[in-house]
Amino acid sequence: MSSDLTFKSIAELAVLLEAKKLSSVELTQATIARTKAVEARVKAFNSFDETDALAQAAASDARRTAGQARGPLEGIPVGLKDVISVAGQPLTASSKMLVNFVSPYDATVTRKLKHAGAVLWGRLNLDEFAMGSSTENSAFHTTRNPWDLTRVPGGSSGGSAAALAAGEASMTLGSDTGGSIRQPAALCGVVGFKPSYGLISRYGLIAFASSLDQIGPFTRTVEDAAITLSVIAGHDPLDSTSFKTELPDYRAELGRRNGPWRLGIPKEYFGEGLDPEVAAAVQAAVEHYKKLGCEIKEVSLPHTKYCLDTYYIIATAEASSNLARYDGIRYGHRSKDAKDAIDIYFKSRAEGFGAEVKRRIILGTYVLSSGYYDAYYLRAQKVRTLIRQDFLNAYKEVDALLTPTTPTPAFKIGEKADPLAMYLCDVYTIGVNLAGLPGLSLPCGFSKSGLPIGLQVIGQPFKEAELLSIARAYEQAHDWHLRHPNLL
Ligand code: GLN
């Protein structure tokens, strides 16, 4: 019963909680029990606080008894990537730099989740400062893929994806700068949703690359993604990039939009490097949409070949600036054997940051340095505009795009030792961030060896309701999302 419970969707759990067939304390206890049973193998968490979670659950049950339940997330245990602040809880970004850091305040998404009655359960592992595609860059430990413990869960939000897939939470949040929600969602067989840039406040999110970062949910179903989006989206004066826009009731909209849609297949996303099993699964999904009466059209996004280069200039430039604050004085680890102020900076940063973070800071500082700024950073900004324009041109003819989320299913731990090989994991997800678009990955099959495969649906700016409906039209006719890894 208990592991059945921890694999139910938010929508299903909300019905049980509402009918008082289940209490939040029972559900939270089941989640804790499941976590204890599998976590030694999955290693999705950096930390959790059982007593605190059970106290939140008891408070939720008391609200319900008093007739003050706050909606579908009331009493639901959720996990947060360890870059999202929760007042009084540790916040590490999986870096030695922040090992003893405790959040002084709540992120806006945290505040909204608390307001909605969710039970905040645990801090989830990631690649250090969200830089990576496998969680192998975590300074603490590598999270394992629940479908095959010798493989990576993807990254950087690998802990968030693995915890959900393993039944250790009913919803988790991650952040996506170049694919960090969608890629691990694909590799772990769950739904991962990165909304439009500006739809969700990043106040209280540890910044990586501020013009690309976006928070979003990992869920069991598209409906749960819609439910969560309605809770966490919306304008926030504390994040100057957050956008003022009407927010539909995303869940209600799901039932109102039935297509048929015009769907574009970008030819650049089906070339060299795409695993044949992934290609076949995505092709089968396209056929399904055809059967639903959708018009399928090949489109071209001609600047796709520049996406990775552009991203690794812009993201590293912004990271080098954002990470300057970890100097051992204002924030973070301070070296014990520094002699003077300058020495504190050098030694603290040398000891506190891992190799990938250092590589990015060096790269980012270089592309911003005088003499190279025009050749790299400025040019990358111009190419970024062209990349966005490619998408907007495609949207003159189609409502959304269908692509693979990743070139391959989950790879082996240790397999991609070369940083460039790792960077290539995000070829299909990065363009979406550069263009500020919403993108969602949902399960669309399994490889012969039993590894999940993800379909990416890319939508138009701020047309999340449309995108979610398109994704749900596929999900409703398939049962990939109902399969769970056998970890016991
Ligand atoms: N894997 C990409 C990187 O290493 C994307 C990371 C992310 O989205 N946070 O930068």
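Each ligand, and each atom within it, is numbered from 1 in the order the structure gives.
- Counting only non-hydrogen atoms, the option in Thr177, Ile181, Asp426 that gets closest to atom 2 (C) of ligand 1 is Asp426.
- Ion pairing between Glu356 and Arg360 holds under the 4.0 Å rule for side-chain N and carboxylate O.
- With hydrogens and angles disregarded, a donor-acceptor distance shorter than 3.5 Å links the side chain of Arg384 to the backbone of Leu434.
- For ligand 1, the polar-atom distance check against Gly178 finds a nitrogen or oxygen pair separated by under 3.5 Å.
- When heavy-atom distances to ligand 1 are checked against a 4.0 Å cut-off, Tyr311 comes that close only through its side chain, counted from C-beta outward.
- Taking the charged nitrogens against the carboxylate oxygens, Glu223 and Arg251 do have a contact shorter than 4.0 Å, which makes a salt bridge.
- Ionic pairing of Asp106 and Lys114 is present here: one or more N-O contacts between side-chain nitrogen and carboxylate oxygen are shorter than 4.0 angstrom.
- With sequence neighbours excluded, the residues satisfying ring-ring contact (aromatic ring centres under 6.0 Å, His included) with Tyr377 are Tyr373.
- Close approach of ligand 1 to Ser156 (heavy-atom distance below 4.0 Å) involves ligand atoms 9 (N).
- When non-hydrogen atoms are compared, ligand 1 lies under 4.0 Å from the side chain of Tyr312 (C-beta onward) but not from its backbone.
- Close contacts between ligand 1 and Gly179 involve ligand atoms 8 (O) [criterion: under 4.0 Å to a heavy atom].
- Distances below 4.0 Å separate heavy atoms of Ala130 from the following atoms of ligand 1: 6 (C), 7 (C), 9 (N).
- Geometrically, ligand 1 and Arg360 share a nitrogen or oxygen pair separated by less than 3.5 Å.
- Listed by atom number, the atoms of ligand 1 under 4.0 Å from Phe208 heavy atoms are 9 (N), 10 (O).
- Every N/O-N/O distance between Met131 and ligand 1 stays at or above 3.5 Å.
- The ring-ring contact (aromatic ring centres under 6.0 Å, His included) search around Tyr250 returns none, not counting sequence neighbours.
- Between Asp239 and Arg202 there is a salt bridge, since at least one side-chain N of the basic residue sits less than 4.0 Å from a carboxylate O of the acidic one.
- For Glu356, no heavy-atom contact with ligand 1 is shorter than 4.0 Å.
- Taking any N or O of Gly132, backbone or side chain, at least one lies under 3.5 Å from an N or O belonging to ligand 1.
- Listed by number with element, the atoms of ligand 1 under 4.0 Å from a non-hydrogen atom of Ser133 are 1 (N).
- Residue contacts with ligand 1, taken as heavy atom pairs separated by less than 4.0 Å, involve Ser180 via backbone and side-chain atoms alike.
- In this structure, Asp176 pairs ionically with Arg182, as a charged nitrogen and a carboxylate oxygen lie closer than 4.0 Å.
- For the pair Lys96 and Phe353, the cation-pi criterion (under 6.0 Å, within 45° of the ring axis) is not fulfilled.
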